[in-house]
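Presented below is the structure to which this report refers.
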Amino acid sequence: MWRDLRPIGRHADSGGYRRFAWTGADAECRAWFEEQARDRGLHYEVDRNGNQWAWLGDPAAGDAVVTGSHLDSVPDGGAFDGPLGVVSSFAALDELRARGARFDKPLAVVNFGDEEGARFGLACVGSRLAAGRLTVEQAGRLTDGDGVTLPQAMEAAGYDPEGIGPDPERLARIGAFVELHVEQGRALDLSGDAVGIASSIWPHGRWRFDFRGEANHAGTTRLVDRRDPMLSYAETVLAARREARLAGAVATFGKISVEPNGVNAIPSLVRGWLDSRAEDQTTLDTVVRAIEEAARDYAQEHGIELDVVRESFTPVVEFEHALRDELARILGRDTADLKVPVLGTGAGHDAGILSGTVPTAMLFVRNPTGVSHSPAEHAAEDDCLAGVTALADVLEGLARR
């Protein structure tokens, strides 16, 4: 499975992946998922929001145990973020069948669409729509860099966008959702554990900072006569790093757009996107407020107009304690020979979006470098296999009671 999936959407120069929602690479990933489902005799279906499902047992029976993740990527992302969870889910079903395991509940594997938000700027679109966390009107206004709307992209890919929206009946069938994911950090590497259990997802959001100045000639305009928004933006980037460090949080300006974007032109507009995350809501609010205040001071100093828009936000997610504790019990956290650590994460996931609607939990697989959203992202084969075994144990334990 890993060998078949690996080349899809891989960029020859960067070695990273460009699997963006409703593109050709995405279509290949979706075809791969359907093939895996049908090869195993699973009931395959696509829901109203384009999420793919593969069922073992009757979907209508209810109280299903569902696992899976996503197959799309960030620009030049790594091979493991998302796909490891989907591949491991199918492998776990294979393992359970090899054991001759029998279940009292239906099982399913899911591939949620557009989790990374690389094309339309909003993460977890498929699960947000299903859970009612994104309205049809909001989804219709999402556009990519070429001005193509989400409905237009879906239609071009052969899907009907008219039916998108909340899917409460489908989610009501789910008794538990467990997502396996490569760890996006080094906690497991430092603790020496191959597999861990998620405790929570930090609150996080994305803010757009628009610095508006005055375009002019870079070679003839005196420094004192300039209204250069790049200066205010650059100072704000440094302020973000400073405020995050002081608060024990993270803050990153990772995307920028410049107009008119000429080497010999002073910019008229610098638009930067801030991603910030913290362990709790109060800390996050403090950090973002301090960054905005600093940006406004810098803008005023240089005669720049500033607009700040919050484009997305996800509050803290505490995974259901009962389900989290059940995973720990199944995996034998308290035994002498196997200890499964419980750890938080600053990364968002479909499991976090669904947590307000269905009981959710997550398993992490060790990432020896902690690098993620990069071609250098990696997990050792032995650790991946340990993740499959852990996921199979969890699915068997949850589906037999």
Side-chain angles (χ1 to χ4, degrees), residues 74-78 81 115-118 121-124 181-191 196 198-211 229-258 270-302 304 306-319 342-349 351-353 362 364 367 369-374 376-377:
V74 298
D76 289 328
D81 181 353
E115 193 269 357
E116 294 290 6
L122 179 66
C124 301
H181 204 280
V182 66
E183 187 194 359
Q184 295 167 289
R186 291 192 58 214
L188 291 175
D189 182 61
L190 295 173
S191 69
S199 59
S200 63
I201 297 176
W202 287 10
H204 55 279
R206 298 177 180 181
W207 290 261
R208 191 186 76 235
F209 285 63
D210 294 344
F211 297 88
M230 187 64 77
L231 296 178
S232 302
Y233 169 73
E235 290 170 317
T236 302
V237 172
L238 297 177
R241 175 61 180 260
R242 180 183 67 247
E243 297 300 333
R245 177 175 54 81
L246 291 174
V250 291
T252 307
F253 278 96
K255 180 180 177 181
I256 183 174
S257 172
V258 181
V270 175
R271 176 169 286 150
W273 281 264
L274 170 70
D275 180 301
S276 189
R277 310 170 189 230
E279 191 170 1
D280 59 77
Q281 185 65 56
T282 300
T283 302
L284 179 60
D285 291 342
T286 300
V287 169
V288 174
R289 183 169 55 251
I291 295 171
E292 181 175 347
E293 289 175 354
R296 294 196 181 282
D297 289 342
Y298 298 137
Q300 184 177 16
E301 179 183 349
H302 298 293
I304 303 301
L306 172 63
D307 292 320
V308 179
V309 178
R310 189 179 78 175
E311 292 194 336
S312 68
F313 177 74
T314 302
V316 63
V317 173
E318 284 282 348
F319 290 113
V342 178
L343 57 146
T345 178
H349 301 279
I353 299 298
M362 291 192 70
F364 291 129
N367 179 344
T369 65
V371 174
S372 186
H373 284 186
S374 159
E377 183 179 82

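Note that the structure is predicted; figures quoted are calculated from it, not measured.
Residues passing the ring pair (Phe, Tyr, Trp, His ring centres under 6.0 Å) test with F209 are F253, sequence neighbours excluded. Applying the side-chain hydrogen bond (donor to acceptor under 3.5 Å, both in side chains) rule to T314 yields the partners R128; only residues at least two apart in sequence or on another chain are considered. A search for side-chain contact (heavy atoms from CB on, under 4.5 Å) contacts involving V371 returns T369, S374, A376, not counting sequence neighbours. Residues passing the side-chain hydrogen bond (donor to acceptor under 3.5 Å, both in side chains) test with D275, sequence neighbours excluded: R277. The side-chain hydrogen bond (donor to acceptor under 3.5 Å, both in side chains) check on E115 picks up H70, with sequence neighbours excluded. Residues passing the salt bridge (Lys or Arg N to Asp or Glu O under 4.0 Å) test with D76, sequence neighbours excluded: R18. Residues passing the ring pair (Phe, Tyr, Trp, His ring centres under 6.0 Å) test with H204: none are found, sequence neighbours excluded. Checked against side-chain contact (heavy atoms from CB on, under 4.5 Å), S200 has the following partners two or more places apart in sequence or in another chain: E318. In this structure T252 satisfies the side-chain contact (heavy atoms from CB on, under 4.5 Å) test with no other residue, sequence neighbours excluded. In this view, R186 and D189 satisfy the salt bridge (Lys or Arg N to Asp or Glu O under 4.0 Å) rule, not counting sequence neighbours.
Of all heavy-atom pairs spanning M362 and A351, the tightest one is CG-CB, 3.7 Å. Of all non-hydrogen atoms in I201 and A347, the two that sit nearest each other are CG2-O, 3.2 Å. Pairing each heavy atom of A251 with each of I291, the nearest pair is CB-CD1, 3.9 Å.
Checked by atom type and distance alone, the side chain of S276 pairs as donor or acceptor with a backbone atom of V250 at under 3.5 Å. In this structure, D81 contributes its side chain and H373 its backbone to no donor-acceptor pair below 3.5 Å.
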Could you tabulate the donor-acceptor pairs under 3.5 Å formed by side-chain atoms of residues 230-249, not counting sequence neighbours?
residue, atom, partner, partner atom, Å
S232, OG, Y298, O, 3.4
E235, OE1, H302, NE2, 3.1
T236, OG1, S232, O, 2.7

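At a threshold of 4.5 Å between non-hydrogen side-chain atoms, the residues T345 and H181 do not count as touching. V258 is listed as a side-chain neighbour of I256, based on a closest heavy-atom distance under 4.5 Å.
For residues 278-297, the salt bridge (Lys or Arg N to Asp or Glu O under 4.0 Å) pairs, not counting sequence neighbours, are E292-R296.
For Q281, the CD atom sits in a packed shell: over 12 heavy atoms of surrounding residues, nucleotides or ligands are nearer than 6.0 Å.
Atoms CD and CZ, from E183 and F364 in turn, are 7.0 Å apart once rounded to the nearest 0.5 Å.
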- Output, in order, the C-alpha distance, side-chain angles, deciding distance and verdict of salt bridge (Lys or Arg N to Asp or Glu O under 4.0 Å) for E311 and R208. CA-CA 7 Å; E311 292 194 336; R208 191 186 76 235; 3.0 Å; yes

- Check step by step if side chain to side chain contact (heavy atoms under 4.5 Å, CB included) holds for L284 and F313. CA-CA 11 Å; L284 179 60; F313 177 74; 3.6 Å; yes

